[in-house]
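Convention: sequence-line order gives letters A, B, ...; per-chain numbering from 1. Keep in mind the model is a prediction, meaning the values are calculated, not measured.
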2 protein chains.
Amino acid sequence: MPDTEYTNIWMRPERPARGPRPAYSRAQITEAAIRIADAEGVEAATMRRIAAEIGAGAMSLYRYVPSRDDLTELMADHLMGEIGLEDVPTGDWRADLRLYADQMRAMWLRHPWIATVNRSLPGYGPHQLRLIEQVMGVLDALVPIDENLALMAILNGYVEGAARDEVAAAEEIRRSGLSEEAWEARNYPYLQRILESGRYPIFTKIAMDARQPRLSRDDQFRHGLDRVLDCIETALPQPAED
Amino acid sequence: MPDTEYTNIWMRPERPARGPRPAYSRAQITEAAIRIADAEGVEAATMRRIAAEIGAGAMSLYRYVPSRDDLTELMADHLMGEIGLEDVPTGDWRADLRLYADQMRAMWLRHPWIATVNRSLPGYGPHQLRLIEQVMGVLDALVPIDENLALMAILNGYVEGAARDEVAAAEEIRRSGLSEEAWEARNYPYLQRILESGRYPIFTKIAMDARQPRLSRDDQFRHGLDRVLDCIETALPQPAED
DNA sequence: CTCCACTGGGTATGATGTACGCAGAAAGCG
DNA sequence: CGCTTTCTGCGTACATCATACCCAGTGGAG
């Protein structure tokens with residue numbers, strides 16, 4: 001029973017020394033699972049379906065991955081690998097953090113199902129670790145480590161929150177099987193009821209007066225991000241003089 | 001087939017006019033489900049278990065709630081009702097937003113399973129709507145509605161992100177069935193391997209040098225929150241003079 | 001008083017993650 | 001080179017889940 005000792009998917013060696021060559025690999029399985037989740041929704045990425053995708057039997061996957069939860073962990077970490085910050089830090093911290101934020105959001109939109117994967121914190125897979133190094137490396141020379149942590153909490157909170165909202169709406173629409181317009185038309189009566197009740201003046205103000213909801217998603221994100229970066233700037237010691 | 005017309009759990013009337021008195025109610029079912037999820041984890045709150053909790057047969061629940069997803073929506077909105085901001089705004093926006101943030105975080109910690117419920121955005125249940133009114137009412141008189149939206153995105157992002165991190169760790173420990181100390185001891189080898197690899201200097205700096213991870217969770221949250229509130233302050237027009 | 005739209009709930013179904021066991025393959029050892 | 005050991009892929013089996021369907025009984029509307 002060697003299983004008991006490994007607390008973590010990252011501690012478990014992929015291949016033992018003896019025996020026949022494995023026909024597949026963790027990476028292959030992980031990528032197949034991501035492909036299915038992207039194309040058909042995370043609920044379609046069942047163990048059987050993933051196995052079929054790579055031409056294996058259902059139970060074969062368990063030779064590579066101890067459980068579905070661990071596969072999920074592999075999937076989540078693989079996604080972090082899609083964030084490319086090779087040339088960071090460039091010296092322009094604002095551009096660096098914006099690049100990070102934009103890439104992160106784009107990744108969320110490519111893989112909306114990541115919102116349902118909440119085992120985020122204790123993962124610390126290799127790609128996530130690399131990303132921490134790169135992102136926190138941007139401000140590392142400018143502020144103490146505690147300050148850096150606090151600022152990154154704000155930035156990550158904003159990016160993830162914004163991405164989560166976008167993705168929640170998109171997933172709701174996808175799951176309904178309707179077009180975006182049809183979905184909005186279908187929900188219109190409820191919206192109307194809220195507005196007509198007169199009990200939600202601020203909600204009404206948002207729906208009627210705000211420019212924000214009428215901007216493109218990209219612009220909405222960018223506006224909020226600018227605010228966050230301004231906030232970070234005020235926390236930096238002696239910002240660059242003109 | 002009246003089912004087809006209701007797009008939303010909030011549009012569907014709880015009780016029809018005719019027929020015998022229902023023995024239970026949506027509120028009763030929702031509260032039972034929350035009680036189970038709190039005590040035994042969200043995975044224990046199955047339809048059968050919830051039905052058993054209130055002394056009903058499994059299928060009886062479907063007389064009150066069209067599907068498990070809708071029940072989840074009811075549960076999530078019920079939680080928003082736990083945030084009490086009756087006396088807000090008090091005139092001290094900073095105190096008001098801090099009260100909101102603290103209550104929100106406390107609610108997350110009471111009900112960690114909310115992290116797994118991601119159908120957040122298009123819900124707009126009654127409690128969520130009321131909360132939007134109260135929270136956004138704090139700054140409504142001070143800033144334009146678009147500004148208010150942007151600032152709330154930052155605040156909510158921080159609060160939710162911080163709560164999500166705390167909850168993810170707590171849930172991971174709970175699910176392992178170990179004590180916090182035993183869980184940490186179990187994970188120690190992996191942490192050690194990361195540090196010893198020498199490839200993650202900033203991660204190492206966080207683990208070794210930062211004060212932050214050694215503060216209480218409450219203090220960590222408060223520190224970050226102060227930063228966010230500072231950020232909001234700089235965005236307000238002519239902050240109150242001394 | 002009669003009718004029928006309701007009620008609670010038993011049974012059944014299809015899907016899921018995964019435990020178990022088996023036949024065959026290949027690496028280590030003599 | 002043959003034997004043993006340790007692996008491989010994978011078919012079968014099972015517990016558990018949400019939920020479709022059905023039925024007998026009930027109580028408000030006419």
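- Side-chain contact check for B:D70 and B:Y64: no donor-acceptor pair (N or O, by modelled atom type) lies under 3.5 Å.
- Looking at every heavy atom in both residues, A:A101 comes nearest to A:V159 through CB-CG2, 3.7 Å.
- Rounded to whole Å, atom C1' of D:dC10 lies 12 Å from atom CD1 of A:I54.
- Rounded to an integer number of Å, the gap from CD1 of B:I29 to P of C:dT7 is 11 Å.
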request  = Take nucleotides 10-18 of chain C nucleotide by nucleotide from the 5' end and write B, S or -, depending on whether a protein heavy atom sits under 4.0 Å from the base, only from the sugar-phosphate, or from neither.
outcome  = BB----BBB
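- The pair B:R174-B:E171 meets the salt-bridge criterion, since a charged nitrogen lies less than 4.0 angstrom from a carboxylate oxygen.
- Under 3.5 Å, the side chains of A:T72 and A:D69 contain no donor-acceptor pair of N or O atoms.
- In this structure, A:R12 places its CZ atom 15 Å from C1' of D:dC7, rounding to the nearest Å.
- The CZ atom of A:R63 sits 13 Å away from the P atom of D:dG11 (whole-angstrom rounding).
- No more than 12 heavy-atom neighbours from other residues, nucleotides or ligands sit within 6.0 angstrom of CZ on B:R21.
- Residue A:R26 contributes atom CZ, which lies 11 Å from atom P of D:dT8 at whole-angstrom precision.
- Electrostatic pairing of A:R49 and A:E53 counts as a salt bridge here, judged by a charged N lying under 4.0 Å from a carboxylate O.
- At a cut-off of 3.5 angstrom, the base of D:dG27 holds no donor-acceptor pair with the side chain of B:R21.
- Separating the CG atom of A:L61 from the C1' atom of C:dA19 is a distance of 15 Å, rounded to the nearest angstrom.
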